[in-house]
Amino acid sequence: MSKYSALWEYIRRSGGPSLKLTFAEIERIAGLPIDHSFLRYKKELTEYGWQVGKISMKEQTVTFNKMD
């Protein structure tokens, strides 16, 4: 089980074609602070039918996109 499993499940259940979350929301949903390891773990999201789109350090957000 991945440390980001709770986040991946949340994204999978979101329903829309895309989802934008702040770093703070991601930390709350995942139950842990977001760090550089997120970049390694993000590939797991494809198993849920989603992918990481844009990561904005300026806005402190991550956009997730549903895969076709």
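All values below were derived from every heavy atom in this structure, side-chain atoms included, with hydrogens, water molecules and symmetry-related copies excluded. The first residue of the sequence shown is numbered 1, and numbering continues consecutively from there.
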Nearest 0.5 Å please: distance from the [atom1] atom of [X] over to the [atom2] atom of [Y].
X	Y	atom1	atom2	result
Arg28	Leu7	CZ	CG	10.5 Å
Leu21	Phe23	CG	CZ	11.0 Å
Arg40	Tyr4	CZ	OH	9.0 Å

ask   = Parallel, tilted or perpendicular: which describes the rings of Trp8 and Tyr48, with under 30° parallel and over 60° perpendicular?
value = tilted
request  = Can you tell me which residue pairs pass the salt bridge (Lys or Arg N to Asp or Glu O under 4.0 Å) test with a partner in residues 41-54, sequence neighbours excluded?
outcome  = none
message = Using only atom types and a distance under 3.5 Å, with no angle test, would you say the side chain of Glu27 pairs donor to acceptor with the backbone of Ile34?
response = yes
key: For Asp35, side chain to side chain donor-acceptor pair (under 3.5 Å) partners two or more places apart   = Ser37
key: side chain to side chain contact (heavy atoms under 4.5 Å, CB included) involving Ser14 - partner list, sequence neighbours excluded   = Leu19, Trp50
Basic-acidic side-chain contact under 4.0 Å: Glu9, Arg12 = yes
message = Hydrophobic clusters here meaning ILVMFWY residues chained together by side-chain heavy-atom distances under 4.5 Å, can you tell me if Met67 and Phe64 are in one?
response = no
ask   = If every non-hydrogen atom of Phe38 is compared with every non-hydrogen atom of Val52, which pair is closest and at what distance?
value = CZ-CG2, 4.3 Å
query = What heavy-atom pair brings Glu25 and Lys20 nearest, and what distance separates the two atoms?
reply = OE1-O, 4.2 Å
